[in-house]
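Since the structure comes first, as structure tokens, the remarks are kept for the end.
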Amino acid sequence: MNGPETRECGTHSFGQDIVTADNETVARPVSRVIPVDPFDLVIFGATGDLAQRKILPALFRRFCAGQMPKGTRIIGAARSSHDPDTYRALAADAIREHAPNRGCEDGTLEEFLACLDYVPLDASGTTGWTELAGHLTADRVRAFYFSVRPTLFGDLAERLHDNGLTTPETRIVVEKPFGRDLHSAQELNAMLASHFEERQIYRIDHYLGKETVQNLMVVRFANMLFEPLWNSQYVDHIQITVAESAGIGNRGDYYDRAGAMRDMIQNHLMQLLCLTAMEPPAKFEPDSVRDEKLKVIRALDPVLPHHIVRGQYQAVPGQQEAHPSYREAADNPRSTTESYIALRVHVSNWRWAGTPFYLRTGKRLVARSSVISVVFKDAPHSIFGQEGGRHANVLTIRLQPNEGITLQVTIKEPGPGGMRLIDVPLDMTFAEALGPEGEDPPDAYERLIMDVIRGNQTLFMRGDEVEAAWAWTDPVIAGWEQRGEVPKPYESGSTGPGDAELLLKRDHRSWRGIKP
Ligand code: NAP
């Protein structure tokens, strides 16, 4: 890439070939940059945490990849009174901090910053809207990213409409949380629907933008190997873990009103469950995929009270200052909000009858690790007798860190001395297999933002999906409230409360380790 002209579009190869285990050289996959026409993207909440840590760095990376055509405009909007230059300086700092080592040529950041503007604007007032209108170009894709607190979503939708800023080519991107229960999600859907068509609404769940999550669909539906085995006849159970080593940090105010069920299970883990359990869609098209996910949510059994464990992290003695307990971090000494959940759920349909799905997520756990493990049944009869032991194949889909897929297979332990069997991983780590050396795979936000511009809703949640997820979640939360349940304490840096181990032990199973 030599200049802005070549950035407009095009394809480029990652260059180096891959040498396989058989010493065969195969071409490294080509990274295709699908060109888009120049577009306008407005980031409401442009001075906030999400904009600085994720949205601006993602846009810069797409710019570096040559996917942002000349003439594209990115307009930041928030109440703070920046002028375009001070905002560009703020954006530059954020990009340097959060998108380092991107291998961009010198000067690229300055070229990117030239695409950036800023408009001081009040989402719930009247200031700034006329100025914003003046920055927008007719007859091009116009995306409005709602990166503000959810109570402003309705105000933004209304003002975009009332100020005549919406066109048929307008899209809005709505961040999570999308409601806090079924009723509020329905109200929000209705409010957005009064100003936008469903095809214009992009409810973002960044987990769906992860390379491995999409690969889950490819592994399942493009390989003959797995799909015939992907059912209760061959799969013993499935575990989905999203573990975080960080605590609630400075999000205590929001988190204490949400908890792990609303913050993680209702959206991220539910989406992962859907993609793991769904039937093959007829086509890889937005509504075909979303129809199948919706069927999974509707097939979920209610969770029984003894199939769910809630936890709340405690400080490690002597480390209270550096790593306070949940209640201290939330500044709520009597909080009964859970920072951890483990649960067992069943998908009641022909494919999955009798196969439990175990979901767990928590903060301040031993490591940051998001993994789906499909644990296959033992072979029906071991011809190797006692010596062979028990072995199960496990397909592990790692979402973070080190995105990749591993298949655990059983082989003979090398060497003389009998037929001892061991489990070894067949490992495909995407960073090694598919990317240029030293470069991370694209961040989920990069893919999702470009999907918005291209008008592809496949990786975004439809309104009825979100409502169905709340309809399943609400009774669980209502049950705790009625019973006045208090979460079990667990030590920071552990794998969660002991009762979560018992949840699987009762079923003669155990959790897979949480590894960084
Ligand atoms: P944040 O750091 O508090 O930023 C909020 C932004 O909104 C700021 O730019 C603020 O700027 C602006 N704002 C507040 N009131 C406004 C108004 N009346 N008019 C215009 N702008 C206004 O929040 P955040 O963490 O970036 O989160 C933004 C959204 O993303 C939230 O819905 C959050 O739930 C969601 N989200 C965030 C993360 C994350 O990692 N941060 C992850 C997932 C989802 P001014 O004060 O200058 O107006």
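Order of listing sets the numbers, starting from 1, for every ligand and every atom in it. Remember, it's a predicted structure, so these values are computed and weren't measured experimentally.
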_Suppose I only count heavy atoms of L152 and a 4.0 Å limit; which atoms of ligand 1 are within that range?_
15 (N), 16 (C), 17 (C), 18 (N)
_Taking atom 18 (N) of ligand 1 as the reference point, the nearest protein heavy atom with its distance_ = D122 OD1, 2.9 Å
*Distance to 0.1 Å, residue and atom name: give those for the protein heavy atom nearest to atom 40 (O) of ligand 1.*
R53 NH2, 2.6 Å
*Does a donor on one side chain sit under 3.5 Å from an acceptor on the other, for T337 and D256?*
yes
_Within ligand 1, which atoms have a heavy atom of L121 less than 4.0 Å away?_
19 (N), 20 (C)
*Classify the side-chain pair N456/R447 by whether it contains a donor and acceptor separated by less than 3.5 Å.*
no
_Residue, atom name and distance, where the atom is the protein heavy atom closest to atom 6 (C) of ligand 1_ = G45 CA, 3.5 Å
*Name the closest protein heavy atom to atom 25 (O) of ligand 1, giving the residue it belongs to and the distance to 0.1 Å.*
D49 CB, 3.6 Å
*asked:* Show the atoms of ligand 1 that are less than 4.0 angstrom away from any heavy atom in S147.
replied: 6 (C), 28 (C), 29 (C)
*asked:* Please tell me whether F44 and Y145 form a close aromatic pair, meaning their ring centres lie under 6.0 Å apart.
replied: no
*Give a yes-or-no answer on whether the side chains of D181 and S184 include a donor-acceptor pair shorter than 3.5 Å.*
yes
*Is ligand 1 less than 4.0 angstrom away from at least one heavy atom of R251?*
no
*asked:* Under a 4.0 Å threshold between the charged nitrogen and the carboxylate oxygen, would E403 count as salt-bridged to R398?
replied: no
*Got the closest protein heavy atom to atom 47 (O) of ligand 1, with its distance?*
S80 OG, 2.3 Å
*Measuring to protein heavy atoms, does anything land under 4.0 Å from atom 3 (O) of ligand 1?*
no
*Among all protein non-hydrogen atoms, which one is nearest to atom 38 (C) of ligand 1, and what is the separation to 0.1 Å?*
L50 CD1, 3.6 Å
_Proximal ligand 1 atoms for P177, defined as those under 4.0 Å from one of its heavy atoms_ = 34 (O)
*Could you tell me whether R140 sits above the aromatic face of F39, with NZ or CZ closer than 6.0 angstrom to the six-membered ring centre and within 45 degrees of the axis?*
no
*What are the atoms of ligand 1, with element, lying closer than 4.0 Å to any heavy atom of R149?*
15 (N), 32 (O)
*Hey, which of Y313, Y490, Y340 is the one that makes ring pair (Phe, Tyr, Trp, His ring centres under 6.0 Å) with Y326?*
Y313
*Answer with yes or no whether the side chains of R327 and S325 bring together a donor and an acceptor at under 3.5 Å.*
no
*Looking at atom 10 (C) of ligand 1, what's its closest protein heavy atom, distance included?*
T47 OG1, 3.8 Å
*Which of the atoms of ligand 1 are close to A46, meaning less than 4.0 Å from one of its heavy atoms?*
9 (O)
*Please determine if R159 forms a cation-pi arrangement with W129, meaning its NZ or CZ atom is less than 6.0 Å from the six-membered ring centre and no more than 45° off the ring axis.*
no
*Any luck finding a side-chain donor-acceptor pair between Y202 and D451 under 3.5 Å?*
no
*asked:* I'd like to check which ligand 1 atoms, numbered from 1 as shown, lie under 4.0 Å from a non-hydrogen atom of A123.
replied: 17 (C), 18 (N), 19 (N), 20 (C)
*Best match, R79, E175, K176: closest heavy atom to atom 16 (C) of ligand 1*: R79
*Side-chain H-bond candidate by donor/acceptor type, K176 with H268, under 3.5 Å*: yes
*Below 4.0 angstrom from a heavy atom of G48, which ligand 1 atoms are there? Numbered from 1 as shown, please.*
2 (O), 4 (O), 8 (C), 9 (O), 26 (O)
*Cation-pi between K210 and Y207: NZ/CZ under 6.0 Å from ring centre and within 45° of the ring axis?*
yes
*Quick one: look up the protein heavy atom nearest atom 29 (C) of ligand 1 and list residue, atom name and how far away it is.*
V148 O, 3.4 Å
